[in-house]
Amino acid sequence: MDREARYNVLVHATAGHLSASAVISHQSAAAVHGLPLWGMPLDKVHITRHRSSGGHRGKHLHLHCAPFRDEDVIAVGSLLVLSPARTIADIARTVGLQQTVAIGDAAARQLGLARETFCNAITYAAGRPGYRAALRAIGMFDRRSESIGESRSRVVLDDLGLPIPELQTTILNDAGSFVARVDFCFEELGIIGEFDGKVKYGGELTPDGNPAEALYREKLREDHLRDLGWEVVRWT
């Protein structure tokens with residue numbers, strides 16, 4: 001199993017030893033919800049109890065104390081976990097911006113959650129540490145980001161002070177025929193940005209699994225974009 005699958009097993013194994021007042025939360029809840037855990041520490045199972053104090057960190061268990069509503073708790077199989085929106089709100093207060101945007105984009109895309117849902121979920125934390133950082137991250141969530149690499153790219157572009165690009169833009173030629181669907185489009189600048197990841201190329205393999213053919217098709221696609229006057233910028 002990979003790192004995330006092993007962590008999921010740890011969460012399920014630990015859940016059987018928890019008291020009834022504890023619910024699975026933070027990245028542990030995200031694992032149960034099937035969300036990507038890129039860049040997050042996975043050495044401890046996170047749980048939350050509805051009380052004002054008493055949190056602690058052990059070798060394998062991190063207990064958080066924070067208020068939550070009955071509707072914030074859902075059952076996934078035999079496990080009681082905080083809802084996806086509340087889970088993302090908690091994570092947004094405790095990990096870095098790239099990690100939060102990556103999992104927030106995925107939650108919005110996979111589960112159809114709107115930004116307002118995340119904003120409502122974070123209201124409990126007003127005045128608590130990490131609240132302002134969480135609001136900034138939630139403001140950047142965009143379900144149109146299709147990979148962790150694209151989500152991370154948007155954070156880097158923002159940190160560099162570059163214009164906000166349009167995502168997943170369809171490019172047509174002068175005859176109105178489809179040429180490409182691109183990751184990032186800075187239309188006023190005439191620039192297209194593309195995140196190149198190994199998974200992306202693997203997903204574009206030909207039926208016979210030929211990576212060279214996939215790369216050749218990608219080169220022709222880029223040539224067509226340049227013929228239309230676009231500048232194409234790539235990063236990994």
Side-chain angles (χ1 to χ4, degrees), residues 26-27 30 35-41 84-85 87-123 125-172 179-201 203-204 218-219 221-236:
H26 295 75
Q27 48 261 57
L35 296 170
L37 302 175
W38 173 82
M40 296 187 196
T87 293
I88 299 302
D90 288 338
I91 287 172
R93 296 179 52 220
T94 54
V95 303
L97 184 60
Q98 287 194 23
Q99 292 93 326
T100 301
V101 173
I103 193 171
D105 286 351
R109 182 178 66 252
Q110 296 175 19
L111 305 176
L113 299 178
R115 183 173 296 148
E116 292 75 18
T117 305
F118 298 113
C119 290
N120 290 336
I122 195 64
T123 55
R128 291 171 175 255
Y131 177 67
R132 291 188 178 276
L135 288 181
R136 181 193 176 193
I138 290 170
M140 295 184 68
F141 291 174
D142 195 317
R143 68 182 65 189
R144 294 175 297 172
S145 282
E146 296 182 342
S147 70
I148 292 171
E150 290 181 23
S151 298
R152 294 182 63 194
S153 295
R154 290 175 40 243
V155 175
V156 173
L157 293 171
D158 184 71
D159 286 342
L160 293 172
L162 294 173
I164 298 175
E166 281 298 315
L167 307 182
Q168 314 306 338
T169 301
T170 297
I171 305 297
L172 307 177
V179 174
R181 183 170 175 266
V182 300
D183 298 337
F184 305 94
C185 181
F186 303 87
E187 186 170 3
E188 292 185 359
L189 302 175
I191 294 174
I192 286 169
E194 292 276 85
F195 170 76
D196 286 342
K198 292 179 180 178
V199 173
K200 178 177 177 180
Y201 281 124
E204 294 178 353
E218 187 68 15
K219 179 185 181 303
R221 172 179 174 274
E222 183 171 321
D223 288 344
H224 291 158
L225 290 170
R226 293 185 186 279
D227 289 343
L228 293 173
W230 293 96
E231 181 69 28
V232 180
V233 180
R234 296 181 173 276
W235 57 86
T236 60

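Just the heavy atoms: all of them, side chains too, but no hydrogens, waters or symmetry mates, feed the values below.
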Out of curiosity, Asp90 CG to Ile122 CD1, how far, rounded to the nearest 0.5 Å? 7.0 Å

Any idea which heavy atoms bring Asp105 and Asp142 closest together, and the distance? OD1-N, 2.6 Å

Point-to-point distance, once rounded to the nearest 0.5 Å, from CD1 of Ile191 to CD of Glu231: 7.0 Å

Atom CG of Leu228 with >12 non-hydrogen neighbours under 6.0 angstrom: yes

Taking NZ, NE, NH1 and NH2 as the nitrogens, is one of them in Glu222 or Lys219 under 4.0 Å from a carboxylate oxygen of the other? no

Enter the distance from Leu35:CG to Gln110:CD here, rounded to the nearest 0.5 Å. 5.5 Å

Straight-line distance of Cys119 SG to Leu135 CG, nearest 0.5 Å: 7.0 Å

Do Leu167 and Phe184 come close enough that some side-chain heavy atom pair is under 4.5 Å? yes

Contact check, side chains of Ile88 and Leu113, non-hydrogen atoms, under 4.5 Å: no

Tell me whether Arg221 contacts the main-chain N or O of Arg181 through its side chain, where contact means a donor paired with an acceptor under 3.5 Å. yes

Taking atom CD of Glu187 as the centre, report whether more than 12 heavy atoms of other residues, nucleotides or ligands fall under 6.0 Å from it. no

Any ion pair linking Glu166 and Arg144 (charged N to carboxylate O, less than 4.0 Å)? yes

Roughly how far, to the nearest 0.5 Å, is CD of Gln168 from SG of Cys185? 11.0 Å

Over all heavy atoms of both residues, which pair between Ile148 and Pro36 is shortest? Give the atoms and the distance, please. CD1-CB, 4.0 Å

Note, Leu157 side chain near Phe186 side chain (heavy atom, < 4.5 Å): yes

Checking side-chain contact (heavy atoms from CB on, under 4.5 Å) for the pair Val95/Ile103: CA distance, chi angles, key distance, verdict? CA-CA 11 Å; Val95 303; Ile103 193 171; over 6 Å; no

NZ/NE/NH1/NH2 to OD/OE distance under 4.0 Å, Arg154 and Asp158: no

What closest approach, in Å, do Pro163 and Leu189 show between heavy atoms, and which atom pair accounts for it? CG-CD1, 4.1 Å

Within the 4.5 Å heavy-atom criterion, are Phe195 and Arg152 side-chain neighbours or not? no

Looking at Ala134 and Arg93, what are the two nearest heavy atoms and their distance? CB-CG, 4.0 Å

Quick check: closest heavy atoms across Phe118 and Ala107, and the distance to 0.1 Å? CZ-CB, 4.1 Å

Where is the tightest heavy-atom contact between Val155 and Met140, given as atom of each residue plus distance? CA-CE, 3.9 Å

Any side-chain heavy-atom pair of Gln99 and Gln27 under 4.5 Å: no

Residues Val156, Trp235; criterion side-chain contact (heavy atoms from CB on, under 4.5 Å); working and verdict: CA-CA 12 Å; Val156 173; Trp235 57 86; over 6 Å; no

Nearest-0.5 Å distance, CD1 of residue Ile138 to OG1 of residue Thr117: 10.5 Å

Is Arg128 atom CZ crowded by more than 12 heavy atoms from other residues, nucleotides or ligands, each under 6.0 Å away? yes

